[in-house]
Amino acid sequence: MPNSPHKTSPDLLVLHTLRCIGFAALDRVAEAAGLPESDAESELIDLAVAGLVTRLPGDFGGWGLTDAGRAADAERISDELDAAGARTAVAGAYDDFMVLNPELLDLCTAWQTRSVDGVATLNDHTDAAYDSRVLDRFTEFDRRAGVVCADLAAAMPRFQRYRGRLAGALGRARSGEVRYVTDDLASYHTVWFQLHEDLLVTLGIPRH
(Lines give C-alpha, C1' and ligand atoms only; values in the text may rest on other atoms or scores of the structure.)
Protein backbone atom coordinates (compact mmCIF):
# COMPACT_ATOMS: atom_id res chain seq x y z
CA MET A 1 0.00 0.00 0.00
CA PRO A 2 1.24 3.56 -0.71
CA ASN A 3 2.37 5.65 2.21
CA SER A 4 -0.17 8.12 3.59
CA PRO A 5 0.63 11.78 2.83
CA HIS A 6 2.70 13.38 5.57
CA LYS A 7 0.63 15.53 7.91
CA THR A 8 2.36 18.45 9.60
CA SER A 9 1.74 18.60 13.34
CA PRO A 10 -0.40 21.58 14.42
CA ASP A 11 2.34 23.10 16.56
CA LEU A 12 4.85 23.04 13.72
CA LEU A 13 2.22 24.30 11.28
CA VAL A 14 1.54 27.34 13.48
CA LEU A 15 5.23 27.95 14.20
CA HIS A 16 6.13 27.73 10.53
CA THR A 17 3.19 29.88 9.47
CA LEU A 18 4.37 32.63 11.79
CA ARG A 19 7.86 32.28 10.33
CA CYS A 20 6.46 32.82 6.82
CA ILE A 21 4.02 35.66 7.47
CA GLY A 22 5.98 37.57 10.12
CA PHE A 23 4.57 39.37 13.17
CA ALA A 24 0.79 38.99 13.04
CA ALA A 25 -2.44 39.07 15.00
CA LEU A 26 -4.21 35.83 15.87
CA ASP A 27 -6.76 36.04 13.07
CA ARG A 28 -4.04 36.31 10.43
CA VAL A 29 -2.08 33.42 11.91
CA ALA A 30 -5.19 31.23 11.95
CA GLU A 31 -6.19 32.17 8.40
CA ALA A 32 -2.72 31.55 7.00
CA ALA A 33 -2.39 28.24 8.86
CA GLY A 34 -5.87 27.11 7.84
CA LEU A 35 -6.89 26.49 11.46
CA PRO A 36 -9.76 27.72 13.65
CA GLU A 37 -8.68 30.69 15.76
CA SER A 38 -9.17 28.72 18.98
CA ASP A 39 -6.83 25.96 17.77
CA ALA A 40 -4.22 28.43 16.53
CA GLU A 41 -4.35 30.34 19.82
CA SER A 42 -3.90 27.15 21.85
CA GLU A 43 -0.82 26.23 19.81
CA LEU A 44 0.59 29.76 20.11
CA ILE A 45 0.20 29.69 23.89
CA ASP A 46 2.05 26.38 24.10
CA LEU A 47 4.78 27.69 21.79
CA ALA A 48 5.09 30.79 23.98
CA VAL A 49 5.51 28.62 27.08
CA ALA A 50 8.30 26.81 25.22
CA GLY A 51 9.97 30.15 24.46
CA LEU A 52 9.52 29.85 20.70
CA VAL A 53 7.04 32.70 20.18
CA THR A 54 6.15 35.87 22.04
CA ARG A 55 3.04 38.02 22.18
CA LEU A 56 2.91 41.81 22.17
CA PRO A 57 -0.36 42.99 23.78
CA GLY A 58 -2.44 46.00 22.77
CA ASP A 59 -4.54 47.16 19.83
CA PHE A 60 -1.58 46.80 17.46
CA GLY A 61 -0.15 43.74 19.15
CA GLY A 62 0.31 40.26 17.83
CA TRP A 63 2.51 37.20 17.78
CA GLY A 64 6.09 36.86 16.62
CA LEU A 65 8.93 34.34 16.67
CA THR A 66 11.76 34.48 19.14
CA ASP A 67 15.30 33.72 17.95
CA ALA A 68 14.89 30.26 19.45
CA GLY A 69 11.63 29.85 17.54
CA ARG A 70 13.23 30.81 14.26
CA ALA A 71 16.03 28.29 14.81
CA ALA A 72 13.61 25.56 15.89
CA ASP A 73 11.41 26.11 12.85
CA ALA A 74 14.34 25.92 10.43
CA GLU A 75 15.50 22.64 11.96
CA ARG A 76 12.08 21.02 12.32
CA ILE A 77 10.78 22.00 8.88
CA SER A 78 13.93 20.65 7.20
CA ASP A 79 13.74 17.43 9.20
CA GLU A 80 10.07 17.04 8.27
CA LEU A 81 10.86 17.47 4.57
CA ASP A 82 13.46 14.73 4.69
CA ALA A 83 11.29 12.44 6.84
CA ALA A 84 8.52 12.75 4.24
CA GLY A 85 10.97 12.00 1.42
CA ALA A 86 9.72 15.13 -0.34
CA ARG A 87 12.85 17.22 -0.80
CA THR A 88 13.33 16.40 -4.49
CA ALA A 89 9.67 17.05 -5.32
CA VAL A 90 9.54 20.34 -3.41
CA ALA A 91 12.82 21.48 -4.97
CA GLY A 92 11.40 20.76 -8.43
CA ALA A 93 8.23 22.72 -7.67
CA TYR A 94 10.37 25.58 -6.35
CA ASP A 95 12.17 25.73 -9.71
CA ASP A 96 8.78 25.99 -11.43
CA PHE A 97 7.71 28.67 -8.95
CA MET A 98 10.79 30.71 -9.76
CA VAL A 99 9.95 30.59 -13.48
CA LEU A 100 6.59 32.20 -12.65
CA ASN A 101 7.86 34.66 -10.04
CA PRO A 102 9.11 37.41 -12.42
CA GLU A 103 5.81 37.30 -14.29
CA LEU A 104 3.87 37.77 -11.06
CA LEU A 105 5.99 40.79 -10.18
CA ASP A 106 5.38 42.25 -13.65
CA LEU A 107 1.64 41.72 -13.26
CA CYS A 108 1.68 43.50 -9.90
CA THR A 109 3.52 46.43 -11.47
CA ALA A 110 0.95 46.55 -14.29
CA TRP A 111 -1.80 46.61 -11.66
CA GLN A 112 -0.23 49.38 -9.60
CA THR A 113 0.93 51.63 -12.46
CA ARG A 114 -0.10 52.32 -16.04
CA SER A 115 1.24 54.31 -18.95
CA VAL A 116 -0.62 57.50 -19.90
CA ASP A 117 0.76 59.30 -22.95
CA GLY A 118 3.98 57.39 -22.48
CA VAL A 119 4.34 58.41 -18.83
CA ALA A 120 4.09 55.87 -16.01
CA THR A 121 1.48 56.93 -13.45
CA LEU A 122 -0.20 55.32 -10.46
CA ASN A 123 -3.23 53.26 -11.40
CA ASP A 124 -6.20 54.85 -9.63
CA HIS A 125 -8.50 52.00 -10.78
CA THR A 126 -10.97 54.34 -12.46
CA ASP A 127 -10.43 52.66 -15.84
CA ALA A 128 -12.45 49.47 -15.51
CA ALA A 129 -11.39 48.21 -18.94
CA TYR A 130 -7.69 48.45 -18.04
CA ASP A 131 -8.19 46.72 -14.70
CA SER A 132 -10.21 43.98 -16.39
CA ARG A 133 -7.41 43.28 -18.85
CA VAL A 134 -4.85 42.99 -16.06
CA LEU A 135 -7.16 40.73 -14.04
CA ASP A 136 -7.60 38.52 -17.09
CA ARG A 137 -3.82 38.14 -17.18
CA PHE A 138 -3.86 37.32 -13.45
CA THR A 139 -6.49 34.66 -14.08
CA GLU A 140 -4.37 33.04 -16.78
CA PHE A 141 -1.32 33.25 -14.51
CA ASP A 142 -3.28 31.70 -11.65
CA ARG A 143 -4.06 28.61 -13.73
CA ARG A 144 -0.33 27.94 -14.08
CA ALA A 145 0.31 28.83 -10.44
CA GLY A 146 -2.32 26.24 -9.55
CA VAL A 147 -0.21 23.52 -11.19
CA VAL A 148 2.77 24.45 -8.99
CA CYS A 149 0.57 24.49 -5.89
CA ALA A 150 -0.85 21.08 -6.80
CA ASP A 151 2.65 19.64 -7.18
CA LEU A 152 3.64 21.09 -3.80
CA ALA A 153 0.51 19.81 -2.10
CA ALA A 154 1.09 16.32 -3.52
CA ALA A 155 4.55 16.35 -1.96
CA MET A 156 3.61 18.02 1.34
CA PRO A 157 -0.11 18.51 2.10
CA ARG A 158 0.54 21.63 4.20
CA PHE A 159 1.18 23.54 0.96
CA GLN A 160 -2.43 22.94 -0.11
CA ARG A 161 -3.67 25.98 1.80
CA TYR A 162 -1.86 28.35 -0.57
CA ARG A 163 -4.04 27.27 -3.49
CA GLY A 164 -7.20 28.28 -1.66
CA ARG A 165 -5.73 31.54 -0.41
CA LEU A 166 -4.53 32.59 -3.86
CA ALA A 167 -7.81 31.67 -5.51
CA GLY A 168 -9.75 33.46 -2.80
CA ALA A 169 -7.76 36.67 -3.22
CA LEU A 170 -8.19 36.62 -7.00
CA GLY A 171 -11.91 35.93 -6.67
CA ARG A 172 -12.38 38.89 -4.36
CA ALA A 173 -10.39 41.13 -6.70
CA ARG A 174 -12.51 40.05 -9.66
CA SER A 175 -15.61 40.85 -7.59
CA GLY A 176 -14.47 44.45 -7.23
CA GLU A 177 -12.37 44.38 -4.06
CA VAL A 178 -9.30 45.71 -5.84
CA ARG A 179 -7.11 45.77 -2.73
CA TYR A 180 -6.92 41.97 -2.87
CA VAL A 181 -4.49 42.12 -5.79
CA THR A 182 -1.57 43.83 -4.04
CA ASP A 183 -2.69 46.02 -1.12
CA ASP A 184 -4.34 43.80 1.49
CA LEU A 185 -2.66 41.55 4.06
CA ALA A 186 -4.51 38.69 2.33
CA SER A 187 -3.84 39.94 -1.22
CA TYR A 188 -2.67 37.71 -4.05
CA HIS A 189 0.78 39.31 -3.95
CA THR A 190 1.06 38.89 -0.17
CA VAL A 191 0.10 35.20 -0.27
CA TRP A 192 2.51 34.63 -3.17
CA PHE A 193 5.30 36.30 -1.18
CA GLN A 194 4.50 34.07 1.81
CA LEU A 195 4.63 30.97 -0.39
CA HIS A 196 8.01 32.13 -1.68
CA GLU A 197 9.23 32.57 1.89
CA ASP A 198 7.86 29.15 2.82
CA LEU A 199 9.74 27.48 -0.03
CA LEU A 200 13.00 29.24 0.85
CA VAL A 201 12.77 28.29 4.54
CA THR A 202 11.67 24.73 3.78
CA LEU A 203 14.56 24.14 1.39
CA GLY A 204 17.07 26.10 3.49
CA ILE A 205 17.73 28.66 0.75
CA PRO A 206 18.78 32.13 1.98
CA ARG A 207 16.75 35.08 0.65
CA HIS A 208 19.01 37.44 -1.29
Side-chain angles (χ1 to χ4, degrees), residues 16-25 27-34 77 86 89-208:
H16 188 61
T17 295
L18 200 56
R19 169 65 181 84
C20 296
I21 69 175
F23 182 83
D27 59 341
R28 283 190 62 219
V29 178
E31 185 273 332
I77 213 70
V90 172
Y94 170 73
D95 290 341
D96 295 336
F97 175 95
M98 290 306 294
V99 171
L100 293 178
N101 194 51
E103 183 178 350
L104 185 279
L105 298 178
D106 287 345
L107 282 172
C108 290
T109 298
W111 179 256
Q112 293 172 321
T113 63
R114 52 178 304 194
S115 178
V116 178
D117 297 327
V119 178
T121 61
L122 289 176
N123 180 17
D124 60 8
H125 303 295
T126 57
D127 187 336
Y130 177 83
D131 279 3
S132 180
R133 289 194 296 273
V134 178
L135 285 173
D136 284 345
R137 291 170 58 195
F138 261 101
T139 299
E140 195 280 325
F141 173 90
D142 186 66
R143 282 194 287 269
R144 288 176 285 127
V147 175
V148 175
C149 289
D151 289 343
L152 285 167
M156 295 289 291
R158 68 177 176 78
F159 283 106
Q160 178 62 43
R161 67 193 192 280
Y162 288 104
R163 173 73 291 215
R165 295 177 69 210
L166 288 169
L170 182 57
R172 297 185 75 161
R174 295 212 66 117
S175 297
E177 298 180 83
V178 296
R179 70 183 186 277
Y180 279 92
V181 179
T182 59
D183 298 326
D184 192 272
L185 290 174
S187 72
Y188 198 99
H189 177 260
T190 299
V191 176
W192 185 264
F193 179 89
Q194 291 167 2
L195 174 55
H196 191 184
E197 188 71 14
D198 195 337
L199 288 166
L200 292 175
V201 175
T202 299
L203 292 169
I205 301 171
R207 181 180 282 278
H208 298 296

### Message
Which heavy atom of L195 sits nearest to which heavy atom of C149, and what is that distance?
### Response
CD2-SG, 4.3 Å
### Summary
From the list L107, V134, L135, side-chain contact (heavy atoms from CB on, under 4.5 Å) partner of V181 resolves to L135
### Query
Quick one: does Y94's side chain get under 4.5 Å of T202's, heavy atoms only?
no
### Query
What's the shortest heavy-atom distance between M98 and P102, and which atoms?
O-CD, 3.1 Å
### Query
Which one of D151, V148, L152 satisfies the side-chain contact (heavy atoms from CB on, under 4.5 Å) criterion with F97?
V148
### Presence of salt bridge, R114 and D127, under 4.0 angstrom
yes
### Summary
Closest non-hydrogen contact found for Q160 with A153 is OE1-CB, 3.2 Å
### Query
Could you state the interatomic distance from CG (D131) to CG (D136), rounded to the nearest 0.5 Å?
11.0 Å
### Task
Answer with yes or no after comparing the ring centroid distance for H125 and W111 against a 6.0 Å cut-off, counting only values under it.
yes
### Query
About how many Å separate CZ of F138 and CZ of R143, when rounded to the nearest 0.5 Å?
14.0 Å
### Query
What closest approach, in Å, do L166 and D142 show between heavy atoms, and which atom pair accounts for it?
CB-OD1, 4.2 Å
### Pairwise distance CZ(R28) to CD1(I21) - rounded to 0.5 angstrom
4.5 Å
### Message
By the definition side-chain contact (heavy atoms from CB on, under 4.5 Å), identify the one residue from R161, Q194, R158 that meets it with T17.
### Response
R161
#### Entry: With D184, the side chain to side chain donor-acceptor pair (under 3.5 Å) member among R172, R179, H189
R179
### Task
With the side chain counted from C-beta on, respond yes when H16 and D198 share a heavy-atom pair under 4.5 Å apart, and no when they do not.
yes
### Task
Supply the atom-to-atom distance C20 SG to L200 CG, rounded to the nearest 0.5 angstrom.
9.0 Å
### Query
Can R137 and E103 be counted as an ion pair, charged N to O under 4.0 angstrom?
no
### Task
For residues L185 and E31, determine if any side-chain heavy atom of one lies less than 4.5 Å from a side-chain heavy atom of the other.
no
### Message
Do T121 and T113 have side chains that approach each other closer than 4.5 Å (heavy atoms only, starting at C-beta)?
### Response
no
#### Entry: Output field: ring centroids Y180/Y188 closer than 6.0 Å
no
### Message
So F193 and S187, do their side chains get closer than 4.5 Å, heavy atoms only?
### Response
no
### Task
For residues A155 and A89, report the shortest heavy-atom separation together with the two atoms involved.
CB-CB, 3.7 Å
### Minimum heavy-atom distance between V90 and M156, given as atom pair plus value
CG2-CG, 4.0 Å
### Task
Starting at CZ of R174, measure out to OG of S132 and round the result to the nearest 0.5 Å.
5.5 Å
### Message
I'd like to check D183 versus T190 (side-chain heavy atoms, cut-off strictly below 4.5 Å). Are they in contact?
### Response
no
